[in-house]
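What's counted below: heavy atoms across the whole structure, side chains too, no hydrogens, waters or symmetry copies. Just so we're clear, the structure is a prediction, and the values are computed from it rather than from any experiment. Numbered from 1 within each chain, the chains take letters A, B, ... in sequence-line order.
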There are 2 protein chains.
Amino acid sequence: MITVDEARALLLDLVQTGEIEEVPLAQASTRVLASDVAATRDQPPFAASSMDGYAIKAAEVEQHAMFKLIGEAAAGHGFDGTVGAGQAVRIFTGAPIPQGADFVVIQEDVDRKGDLITISDDPGSKDNIRPAGVDFRVGDTISAPRPLRPEDVALMASMNIPRVPVRRKPVIALISTGDELVMPGEVPGPDQIIASNTFGLKALFERHGAHVRVLPIARDTVASLETTFGLAQGADLVVTIGGASVGDHDLVAQTTQQLGMERSFYKVRMRPGKPLMAGRLAGAAMVGLPGNPVSAMVCGYVFILPMLRKMLGQSEEADALVTATLSHDIAQNGPRQHYMRARVEGGKISVFDNQDSSLLSVLSKSNALAVRASDDPARSAGETLHYLPL
Amino acid sequence: MITVDEARALLLDLVQTGEIEEVPLAQASTRVLASDVAATRDQPPFAASSMDGYAIKAAEVEQHAMFKLIGEAAAGHGFDGTVGAGQAVRIFTGAPIPQGADFVVIQEDVDRKGDLITISDDPGSKDNIRPAGVDFRVGDTISAPRPLRPEDVALMASMNIPRVPVRRKPVIALISTGDELVMPGEVPGPDQIIASNTFGLKALFERHGAHVRVLPIARDTVASLETTFGLAQGADLVVTIGGASVGDHDLVAQTTQQLGMERSFYKVRMRPGKPLMAGRLAGAAMVGLPGNPVSAMVCGYVFILPMLRKMLGQSEEADALVTATLSHDIAQNGPRQHYMRARVEGGKISVFDNQDSSLLSVLSKSNALAVRASDDPARSAGETLHYLPL
């Protein structure tokens with residue numbers, strides 16, 4: 001059996017970073033920027049007032065000095081003339097500084113009588129002018145790759161970038177397998193349960209930028225599996241759930257072999273999730289996840305999200321683990337790397353007692369997977385533990 | 001001027017938690033659960049095998065013991081008969097434990113010859129059976145309110161909850177105001193700039209569960225503002241951007257007054273964002289954000305997101321600040337509460353030098369807003385600072 005790191009490296013080899021597509025700026029949030037974008041203008045495009053006040057010559061700034069108003073400059077409507085000696089222009093925040101002026105006295109420091117103003121309070125030395133290009137200049141870039149946040153979208157708008165190059169959303173086809181499964185809302189037979197991983201993994205992958213196609217449940221026959229694999233055509237990644245164990249009824253391995261899959265590996269030294277299988281099938285990457293609900297979700301976080309990030313052109317930093325302080329003692333780990341459901345609060349991590357891989361209720365209470373290396377020794381409260389945030 | 005906390009309290013008074021609507025499970029992820037949902041079944045619905053192996057009577061488990069195979073139980077297809085003394089049923093993971101059996105010997109511990117099996121290795125004392133209802137029982141609940149995560153969606157699927165009660169998405173109408181603004185992709189005149197807040201705030205509010213309507217840019221006339229406010233009909237919250245300062249050209253206050261707004265407050269003792277205005281207008285909450293790009297985004301985080309969370313029925317915990325260690329000295333704060341653009345990395349926070357409220361480039365580099373109380377004294381590297389994550 002290979003290690004988790006070995007499996008992840010092999011899985012990353014199965015996928016490629018996708019093509020670039022352009023989307024309107026209003027749809028760019030949460031997408032991953034695919035190539036650097038550059039400002040098409042300076043911001044501000046002109047020296048602008050940062051306050052409401054009066055634009056004058058800095059050399060004339062002095063308490064009790066008097067000026068004659070010769071016009072007005074508002075945001076969107078500059079003053080066309082030139083400010084001469086003893087002259088002032090009424091100016092509002094964001095308006096271009098008129099020619100000849102190089103200081104804005106804020107209105108709170110001025111007494112106005114008709115067309116005459118007097119500087120009534122000490123105006124200080126701050127000129128209240130934003131120089132042209134102080135925010136950014138033509139050609140300044142936002143560098144790729146990066147998941148676009150609201151702040152980036154605002155900046156791109158300001159740079160006048162109406163269309164944004166992003167990575168195409170990878171298409172993941174999800175196939176749940178098993179005669180025991182019915183869809184939510186159906187009435188299960190006495191030996192049946194509800195397909196749950198399909199919905200949990202769909203939500204997980206969509207949240208991280210995938211387009212997810214949920215295919216019909218494949219039954220435990222080669223024919224049903226073949227039909228369903230046929231429906232996966234066009235996907236970048238086909239993910240099966242269940243049927244990847246070693247029992248006589250685990251047909252995914254058999255069927256994919258018949259369909260010509262080049263197998264990359266089978267089984268990983270981890271808990272939960274040991275019977276993981278992967279390869280290339282009909283031009284797509286294929287990953288067979290174990291059918292236990294928690295195993296499937298954990299493998300989604302540990303293996304599929306890094307694949308998704310590579311397809312989206314993101315750096316591997318995003319996969320970095322974080323640390324917290326253990327709030328209680330934990331026993332020695334076994335020979336397999338263990339992803340333990342846990343809860344992190346205020347920098348402290350508590351690992352749940354019952355780690356049975358069938359317990360979705362425990363997963364739903366968790367916000368972290370504590371990562372234990374193979375044969376990790378017993379750990380005491382206060383020690384530092386690595387975890388994967390959920 | 002009121003404080004940030006006073007303003008936030010008044011703003012929360014302007015909005016109500018919205019109605020409940022039901023959505024299909026596949027669309028529930030990222031929505032906020034509005035009322036408790038209960039499992040409609042036990043999981044597992046029957047005692048089930050957790051391994052591939054052979055179901056026998058626990059009393060007969062002994063190394064070298066021999067059993068006759070009388071049938072098979074697979075996931076979805078139980079064994080109808082009863083396991084008697086000296087008998088075994090081939091069983092697969094997830095299959096119901098047959099009547100009469102109460103132990104599963106894993107297949108690795110068994111030698112099989114035709115219809116006879118022998119326990120070849122010490123099978124240990126673990127019965128490899130998951131009791132019925134070990135994950136959850138009929139009536140076990142997922143408690144509201146909570147933003148639904150992929151793990152919750154998987155659990156709800158397993159509970160056979162095909163439709164999920166969530167809060168209706170609050171509708172926010174966004175109105176940018178100002179003669180200086182053009183939309184991204186347009187060619188601005190010499191005195192014009194690009195509307196950026198509209199796009200940044202749209203992305204921010206959508207990410208936090210709102211449905212955002214971007215209205216046409218309102219020009220600096222009462223008539224244009226009135227027309228645009230007319231288009232906001234049906235929104236829960238109308239947010240204007242710009243025109244909330246005190247200059248002669250700030251018409252939002254004048255127009256909303258003419259339209260009959262009950263003003264809640266005007267101006268908050270904060271940086272950036274002082275000229276914030278709020279009230280009730282035509283049955284909707286109305287908030288006038290300042291027009292400086294950074295001020296508008298900061299007020300979006302500090303004021304609009306808490307309003308949005310209340311409308312979505314979320315607890316106020318979600319608004320809690322977090323802490324980090326200052327990586328450098330910072331000067332004393334002025335009289336207004338200050339939200340400073342900052343970067344948090346590895347638990348250390350660095351505050352950017354230039355905090356001019358026009359600099360979106362600095363906001364785009366930030367991942368936190370360091371919060372300084374009014375007249376907060378100078379702080380040294382190593383001290384703890386509160387921040388709002390971006």
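With contacts defined as side-chain heavy-atom distances shorter than 4.5 Å, the pair A:Ser158/B:Ile193 does not qualify. Between A:Ile194 and B:Arg41, the closest side-chain pair of non-hydrogen atoms falls below 4.5 Å.
Between A:Arg149 and B:Leu363, the closest heavy-atom pair is NH2-O, 3.7 Å. Of all heavy-atom pairs spanning B:Asp135 and A:Ser361, the tightest one is OD1-OG, 2.5 Å. Closest non-hydrogen pair, A:Ala154 versus B:Leu360, comes out as O-CD1, 3.7 Å.
Using a 4.5 Å cut-off between heavy atoms, B:Pro44 does not touch chain A at all. Contact annotation for A:Asp140: neither backbone nor side-chain heavy atoms come within less than 4.5 Å of a heavy atom of chain B. If you measure heavy-atom distances from B:Thr40 to chain A, you find no contacts under 4.5 Å at all. Residue contact with chain A, scored on non-hydrogen atoms closer than 4.5 Å, is absent for B:Arg163. When heavy atoms are compared at a cutoff of 4.5 Å, B:Phe199 approaches chain A by way of both its backbone and its side chain. No part of A:Ala296 comes within reach of chain B, as not one of its non-hydrogen atoms sits under 4.5 angstrom from that chain. Contacts between B:Asn367 and chain A at a heavy-atom distance below 4.5 Å involve backbone atoms as well as side-chain atoms. Heavy atoms of B:Tyr301 lying under 4.5 Å from chain A belong exclusively to its side chain. Of the two parts of A:Pro96, only the side chain, counted from C-beta on, holds a non-hydrogen atom closer than 4.5 Å to a non-hydrogen atom of chain B.
Interface remark: of the candidates B:Ser364, B:Ser29, B:Pro188, B:Ser364 forms the most heavy-atom pairs closer than 4.5 Å to chain A. Counting heavy-atom pairs closer than 4.5 Å to chain B, the top residue among A:Ala95, A:Pro150, A:Ala157 is A:Pro150. Interface remark: of the candidates A:Pro24, A:Gly178, A:Ala26, A:Ala26 forms the most heavy-atom pairs closer than 4.5 Å to chain B. Most heavy-atom pairs under 4.5 Å with chain A: of the set B:Gln192, B:Met159, B:Arg130, B:Met156, this distinction falls to B:Arg130. Ranked by heavy-atom pairs under 4.5 Å with chain A, the first of B:Leu148, B:Leu155, B:Leu204, B:Asn197 is B:Leu155. Top candidate by heavy-atom pairs under 4.5 Å with chain B, chosen from A:Asn292, A:Ile161, A:Leu390, is A:Asn292. The choice from A:Ser358, A:Ala203, A:Gly78, A:Pro184 that makes the most heavy-atom pairs within less than 4.5 Å of chain B is A:Ser358. Put simply, of B:Glu151, B:Met297, B:Gln27, B:Lys202, the one with the most heavy-atom pairs under 4.5 Å next to chain A is B:Glu151. The most heavy-atom pairs under 4.5 Å with chain A, out of B:Pro293, B:Pro162, B:Ala75, come from B:Ala75. With respect to chain A, the highest number of heavy-atom pairs below 4.5 Å among B:Thr30, B:Val134, B:Asp356 belongs to B:Asp356.
A donor-acceptor pair under 3.5 Å links the side-chain atoms of A:Asn160 to the main chain of B:Gly185, judged by distance alone.
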